[in-house]
Amino acid sequence: MNPGTVAIMPPGALGVSFFYHLTGGLERLDRSVFFIGLDESRSIDSLLAGDLRIASGGTLHALPAPEFIYRSLNDVFEAGALPEVLIVCPNPDQLLPVISTLVALIERLCMGNDDACQQLPTIILSSNGIYFQRVRQMFIEKLEESTLLGRLPDLWPDQMPYIIGHFLRGVTIQTGLREGSGSNAIYRPGPRGISLLVGGGEAVRRRSFELLSGLGGWFELASNVSPTRLEFEKAIVNLTVNFLGLLYAFDFEEGFRPLTIAEILTPEHEPAVRELAYRVFEIGRAVKAFTQVDDFEKVLADALARCRPISSHIPSSLQTIDLQIKLDRLEVKFTPTETWLVDPLIRYARSSNLPEAADYFEGLRAMLMAKLEKAVARQALNRPKA
């Protein structure tokens, strides 16, 4: 492990935004901050074949991709370049494969080395979604399975607490935009956005805060708050601008128009925003993410306040659908961010005897799927005949 270094996995829109701000707006390109591709990524070869293009302030910067991107975490291990901090920010549906990659790294670290875990980077999960408790438990289960299969020594009672103490959640409102794909992609980092660090051990969390803040990132400690509460608070923001945003973005004669946050949070949409926020709050209170004395109006006001500084941003799910339409690859498929928010909310609502809340989110999902079906059919009709 190399103290003072930060890796970001993968080089996507959010990851490039983190990279931009952690390098002082690309002023400090000393490779202390770098990227790692996902295992079995279909786009990493294309990206490595060219330049990493980042647009900022009217300037298009072209960074030689092989100088700043490792193909995989295994390549980083082989190069002896394991970072002190690893920010993990893929699409939420890619998180579980990343967990398998991390377990494989620990297996390699532990080969003939009893103190191997000391070389493990601090891992900060920064993808959107309500998942931290579930993913952390799966991480532990995969480690224990590896022990059972003889790939790892018994990690209890010493090593496992150390590992989980280095497993953090970073709840972020950092924004970013990607135009195009592969080697043709242009990344446009959003303004510096706050990321709250929670979970893990207190000393580990503070060290990560000091390192990331020292590099120019906007990070804050959330020591006395549960990761799940922060995820619920962020879910109100994400679902408001992404889920409702998608529903509104399809309501145009041309079929779809990517909207900014300001265009989504208009006065005419206020009743829908309030209902969605209250359903999230209601479920969160049932599972003790919010307490009985928490005030919904304050929670909603705080969520909307987070949106104001990024009002010109096009939410990530709208960016995804817009790119799929442009590439003629639109599918009748629920978007990853919404899946990792809505599915847990429905599950929590059902288990907490809140059928109306569960029905509400299932209804919204059905509405979005119907709009996607219509858009896919329209796209097929407009496709040139062979």
Side-chain angles (χ1 to χ4, degrees), residues 92 125-135 169-173 193-199 220 222-248 261-262 264-311 315-317 334-368:
L125 303 184
S126 297
S127 303
N128 289 322
I130 301 172
Y131 59 77
F132 185 70
Q133 287 184 328
R134 178 185 174 200
V135 169
R169 180 72 165 95
V171 180
T172 185
I173 60 166
I194 187 172
S195 298
L196 299 176
L197 298 179
V198 66
E220 290 189 6
S223 304
N224 298 319
V225 182
S226 77
T228 303
R229 179 185 175 114
L230 291 182
E231 288 180 329
F232 268 82
E233 290 177 348
K234 179 69 186 303
I236 294 175
V237 176
N238 282 135
L239 289 172
T240 296
V241 301
N242 280 286
F243 201 174
L244 292 183
L246 283 171
L247 294 174
Y248 300 142
I261 289 175
I264 295 166
L265 299 180
T266 60
E268 66 180 298
H269 297 151
E270 182 178 351
V273 169
R274 287 186 64 84
E275 182 177 10
L276 182 146
Y278 183 76
R279 292 300 185 183
V280 176
F281 178 79
E282 177 185 31
I283 297 168
R285 190 164 53 187
V287 298
K288 305 297 190 293
F290 298 114
T291 69
Q292 294 302 315
V293 298
D294 279 316
D295 178 50
F296 167 69
E297 295 297 335
K298 184 179 186 308
V299 171
L300 175 60
D302 289 346
L304 295 177
R306 293 186 189 186
C307 295
R308 293 190 190 102
I310 54 174
S311 60
S316 59
S317 293
F334 211 44
T335 42
T337 292
E338 283 59 59
T339 297
W340 280 72
L341 289 167
V342 172
D343 283 0
L345 287 170
I346 292 173
R347 186 172 65 251
Y348 288 144
R350 293 289 183 205
S351 63
S352 302
N353 196 27
L354 294 172
E356 291 185 3
D359 291 346
Y360 167 80
F361 283 109
E362 288 177 344
L364 285 186
R365 178 160 55 189
M367 289 173 58
L368 178 57

Quick check: does any side chain N or O of [X] sit under 3.5 Å from a backbone N or O of [Y], one acting as donor and the other as acceptor?
{"X": "S352", "Y": "A349", "result": "no"}
{"X": "K234", "Y": "T172", "result": "yes"}
{"X": "E231", "Y": "F132", "result": "yes"}

Report task. Determine, step by step, whether D302 and R306 satisfy the salt bridge (Lys or Arg N to Asp or Glu O under 4.0 Å) criterion, reporting the C-alpha distance in whole Å, the side-chain angles of both residues, the deciding distance to 0.1 Å, and the verdict. Result -> CA-CA 6 Å; D302 289 346; R306 293 186 189 186; over 6 Å; no
How far apart are the closest heavy atoms of [X] and [Y], and which atoms are they?
{"X": "P267", "Y": "P271", "answer": "O-CD, 4.0 Å"}
{"X": "F361", "Y": "L239", "answer": "CE2-CD1, 4.0 Å"}
{"X": "G129", "Y": "L341", "answer": "CA-CD2, 3.5 Å"}
{"X": "L125", "Y": "R169", "answer": "O-NH1, 3.2 Å"}
{"X": "A289", "Y": "F232", "answer": "CB-CD1, 3.7 Å"}
{"X": "H269", "Y": "I264", "answer": "ND1-O, 2.6 Å"}

Within this structure, what is the [atom1]-[atom2] distance for the pair [X] and [Y], rounded to the nearest 0.5 Å?
{"X": "N238", "Y": "F243", "atom1": "CG", "atom2": "CZ", "answer": "12.5 Å"}
{"X": "T335", "Y": "R365", "atom1": "OG1", "atom2": "CZ", "answer": "10.5 Å"}
{"X": "N128", "Y": "S316", "atom1": "CG", "atom2": "OG", "answer": "6.0 Å"}
{"X": "Y360", "Y": "L345", "atom1": "OH", "atom2": "CG", "answer": "10.5 Å"}
{"X": "F296", "Y": "F281", "atom1": "CZ", "atom2": "CZ", "answer": "7.5 Å"}
{"X": "T240", "Y": "R274", "atom1": "OG1", "atom2": "CZ", "answer": "11.5 Å"}

Report task. Apply the test side-chain contact (heavy atoms from CB on, under 4.5 Å) to residues C307 and L265: give CA-CA distance (whole Å), side-chain angles for both, the deciding distance (0.1 Å), then the verdict. Result -> CA-CA 9 Å; C307 295; L265 299 180; 3.8 Å; yes
**Report entry** Verdict with reasoning, V198 to S226, per side-chain contact (heavy atoms from CB on, under 4.5 Å)
**Finding:** CA-CA 7 Å; V198 66; S226 77; over 6 Å; no
**Report entry** Short N-O contact, R279 and D359, less than 4.0 angstrom
**Finding:**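 Salt bridge between R279 and D359, a charged N being under 4.0 Å from a carboxylate O: no.
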Query raised in the report: Between R347 and D343, does at least one N-O distance fall below 4.0 Å, as a salt bridge requires?
Result: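 Judged by the 4.0 Å cut-off on N to carboxylate O distance, R347 and D343 do not form a salt bridge.
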**Report entry** Other residues, nucleotides, ligands: >12 heavy atoms within 6.0 Å of E297 CD
**Finding:** yes
**Report entry** Criterion side-chain contact (heavy atoms from CB on, under 4.5 Å) on L364 and L276, from CA distance to verdict
**Finding:** CA-CA 10 Å; L364 285 186; L276 182 146; 4.1 Å; yes
Do [X] and [Y] come close enough that some side-chain heavy atom pair is under 4.5 Å?
{"X": "P355", "Y": "R350", "result": "yes"}
{"X": "Y278", "Y": "I236", "result": "no"}
{"X": "I261", "Y": "P315", "result": "yes"}
{"X": "P92", "Y": "T339", "result": "no"}

Requested in this report: Measure from NZ or CZ of R285 to the centre of the six-membered ring of F290 and say whether it is under 6.0 Å with the direction within 45° of the ring axis.
Outcome: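 No, R285 does not lie over the aromatic ring of F290.
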Query raised in the report: Does one side chain, of E338 or S317, offer a donor that lies under 3.5 Å from an acceptor on the other?
Result: yes
Report task. Carefully, step by step, assess L197 and E220 under the rule side-chain contact (heavy atoms from CB on, under 4.5 Å). Result -> CA-CA 6 Å; L197 298 179; E220 290 189 6; over 6 Å; no
